[in-house]
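Everything on this sheet refers to the single structure shown next.
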2 protein chains.
Amino acid sequence: MSLRTKDTKEEILIIGKQLIQLVGYNAFSYADISKKLNIKNAAVHYHYPGKQDLLLSLLTNYISQYKNLGTELETSSLHSLKKLEKFIDPYTQLVDNNCICIIGSIASDYNTLPDVVKIKISELIDLVIGLVEQTLRKGKKSGELNFTTPARTQALLIMTNLAAGVQLARITGKQDFVAIKKSILQHLKV
Amino acid sequence: MSLRTKDTKEEILIIGKQLIQLVGYNAFSYADISKKLNIKNAAVHYHYPGKQDLLLSLLTNYISQYKNLGTELETSSLHSLKKLEKFIDPYTQLVDNNCICIIGSIASDYNTLPDVVKIKISELIDLVIGLVEQTLRKGKKSGELNFTTPARTQALLIMTNLAAGVQLARITGKQDFVAIKKSILQHLKV
DNA sequence: TAAATTACTTACTAATTAGTAAGTAATTGT
DNA sequence: ACAATTACTTACTAATTAGTAAGTAATTTA
């Protein structure tokens with residue numbers, strides 16, 4: 001075993017993720033990544049032979065991270081509103097960095113992606129919807145949350161507020177996202 | 001004056017609009033347009049020298065169309081819910097055609113666009129938000145609609161539900177958009 | 001009817017794209 | 001110690017991209 005001082009493969013993934021959130025999947029090239037890491041474009045291909053391999057790895061990472069968040073939220077004793085805030089907070093970070101969320105970015109490019117990626121995206125979205133839905137369901141059952149629409153629909157409403165909220169706020173200003181976030185949480189209060 | 005049997009310039013705009021809604025601004029080329037119209041790529045450049053000119057024309061069209069809808073809704077005696085349905089209906093069409101809305105598509109690519117286009121997008125979005133906001137405001141004043149958040153925030157919530165709703169529904173299925181639409185209207189009922 | 005304008009086509013360029021094949025230096029395993 | 005593997009670089013290719021310059025046929029204008 002060696003002490004790794006460099007982890008190019010992981011850094012590529014980080015830059016790739018940033019670029020997808022900043023400019024979108026179809027607007028960045030392997031040259032953008034290699035320039036930022038001071039390596040050659042072929043080095044990127046060595047770790048991720050095709051652009052779709054990079055995206056696939058990224059989505060796989062997201063899936064495992066959201067699975068972790070899912071079990072964390074299930075076992076947590078936090079108030080349901082705090083759980084939802086935990087889910088929502090990263091979106092505020094995105095607005096601050098002039099970025100949009102991966103799901104919204106990739107969903108916009110959906111029709112240009114190979115089938116193997118489409119399936120992975122579908123898996124990720126189902127996972128995230130389910131995560132929000134379960135949090136809402138539990139919160140309603142315990143009397144911590146209040147809403148009348150079916151849990152899945154309520155989850156869809158929240159997710160669409162967030163995904164398009166960051167997209168719009170990048171153009172109209174951060175205060176619009178802040179208003180959306182506040183309104184989401186206010187609306188769920190008992 | 002001549003009888004025009006062909007209107008290439010207008011057809012280019014129609015195809016461009018379709019492509020932006022289907023695959024996104026950065027995923028189509030002038031070759032895609034010229035092939036569909038059986039003309040040469042240089043003919044597209046003749047009418048719209050650069051891709052940004054095409055997008056600019058498209059946005060200008062949208063702005064005038066939404067201005068028309070705005071005055072139509074202001075003078076109309078329709079119930080406010082029916083007015084909002086008139087605004088929402090085109091989104092259902094989009095889902096049926098595997099497309100997303102122009103605003104959501106362009107917002108995702110926002111950071112890759114030249115400043116002159118960014119300004120036009122901003123203008124369009126402000127216009128559309130204002131249109132929904134005014135309809136909500138009037139509907140509340142007349143007692144036809146019920147909501148507690150500020151009118152602008154409520155407009156943002158509806159717009160984000162719609163924009164990201166079509167993005168998600170393309171992946172998870174039309175029934176999710178139908179549920180979102182129903183919920184938006186239900187939520188506003190007195 | 002001649003000149004100008006319109007709506008293109010032909011033919012091209014320079015830049016960028018994803019991707020590959022062959023080579024190399026350093027590390028690791030046996 | 002030597003073979004294999006890892007993580008690259010060098011050097012390239014073929015396709016696609018936006019965009020241009022020059023030419024042309026048909027229509028319009030003066």
Side-chain angles (χ1 to χ4, degrees), chain A residues 1-20 22-59 105-106 109-118, chain B residues 1-20 22-59 105-106 109-118:
Chain A
M1 213 187 304
S2 71
L3 296 172
R4 286 184 302 183
T5 52
K6 245 181 115 178
D7 201 332
T8 305
K9 189 166 185 174
E10 211 164 301
E11 281 171 357
I12 291 170
L13 223 49
I14 292 167
I15 305 287
K17 173 184 150 181
Q18 287 171 356
L19 286 169
I20 290 174
L22 194 67
V23 298
Y25 181 75
N26 287 316
F28 82 90
S29 72
Y30 270 21
D32 295 322
I33 296 178
S34 61
K35 274 174 206 155
K36 264 190 201 182
L37 294 177
N38 275 315
I39 56 177
K40 298 300 158 184
N41 117 60
V44 186
H45 282 285
Y46 170 73
H47 290 291
Y48 304 97
K51 221 178 157 184
Q52 62 178 262
D53 300 300
L54 201 166
L55 181 52
L56 227 41
S57 283
L58 218 116
L59 293 171
S105 180
I106 296 299
D109 294 332
Y110 188 70
N111 281 343
T112 72
L113 302 170
D115 282 348
V116 61
V117 177
K118 283 185 178 176
Chain B
M1 212 186 307
S2 69
L3 294 173
R4 288 183 301 181
T5 52
K6 247 179 112 177
D7 201 334
T8 305
K9 189 167 187 175
E10 211 164 301
E11 280 170 359
I12 290 169
L13 223 50
I14 292 168
I15 305 288
K17 173 184 152 182
Q18 287 171 355
L19 286 169
I20 289 174
L22 194 66
V23 298
Y25 180 75
N26 287 315
F28 82 89
S29 72
Y30 270 21
D32 296 321
I33 295 178
S34 61
K35 274 174 206 156
K36 263 188 205 185
L37 295 177
N38 276 314
I39 55 177
K40 299 300 158 185
N41 119 59
V44 184
H45 282 285
Y46 170 74
H47 290 290
Y48 303 98
K51 222 178 154 181
Q52 61 177 265
D53 299 301
L54 201 166
L55 181 51
L56 227 42
S57 283
L58 218 116
L59 293 171
S105 180
I106 296 299
D109 294 332
Y110 187 69
N111 281 342
T112 71
L113 302 171
D115 282 348
V116 60
V117 177
K118 284 185 178 176

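Side-chain atoms are counted along with the backbone in the values below, which use heavy atoms only and exclude waters and symmetry mates. Every chain is numbered from 1, with letters handed out A, B, ... down the list of sequences.
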* List in chain and number order the residues that pass side chain to side chain contact (heavy atoms under 4.5 Å, CB included) with B:A43, two or more places apart in sequence or in another chain; answer none if no residue qualifies. => B:I39

* Does B:K9 offer a backbone N or O that forms a donor-acceptor pair with the side chain of B:Y48 under 3.5 Å? -> yes

* Asked: Now, which nucleotide makes the Watson-Crick or G-U wobble pair with C:dA7, with each of the two distances under 3.5 Å?
  -> D:dT24

* To do: Would you please name every residue forming a side chain to side chain contact (heavy atoms under 4.5 Å, CB included) with B:I14, sequence neighbours left out?
  => B:Q18

* Any donor-acceptor pair under 3.5 Å linking the side chain of B:Y30 with the backbone of B:K40? -> no

* To do: Using a cut-off of strictly less than 4.0 Å, decide whether B:T8 has a side-chain nitrogen or oxygen near OP1 or OP2 of C:dC8.
  => yes

* Check whether any side-chain N or O of B:H47 sits under 4.0 Å from OP1 or OP2 of C:dC8, and answer yes or no. => yes

* Structure fact -> Which of B:L55, B:D109, B:D53 passes side chain to side chain contact (heavy atoms under 4.5 Å, CB included) with B:V117? Answer is B:L55

* **Length of the line joining B:K9:NZ and C:dC8:C1', which is rounded to integer Å** => 14 Å

* Whole Å only: how far is the CD1 atom of B:I39 from the P atom of C:dT10? -> 12 Å

* Within the distance-only criterion (no hydrogens, no angle test), does the side chain of A:Y25 pair as donor or acceptor with the backbone N or O of A:S105 below 3.5 angstrom? -> no

Can you give me the N/O atom pairs linking the protein to nucleotides 14-20 of chain C at distances under 3.5 Å, or say none if there are none?
from: C:dT17; atom 1: OP1; to: A:S29; atom 2: OG; distance (Å): 3.4
from: C:dT17; atom 1: OP2; to: A:S29; atom 2: OG; distance (Å): 3.4
from: C:dA18; atom 1: OP2; to: A:Y30; atom 2: N; distance (Å): 3.2
from: C:dG19; atom 1: OP2; to: A:K51; atom 2: N; distance (Å): 3.1
from: C:dG19; atom 1: N7; to: A:H45; atom 2: NE2; distance (Å): 3.2
from: C:dG19; atom 1: O6; to: A:N41; atom 2: ND2; distance (Å): 3.2

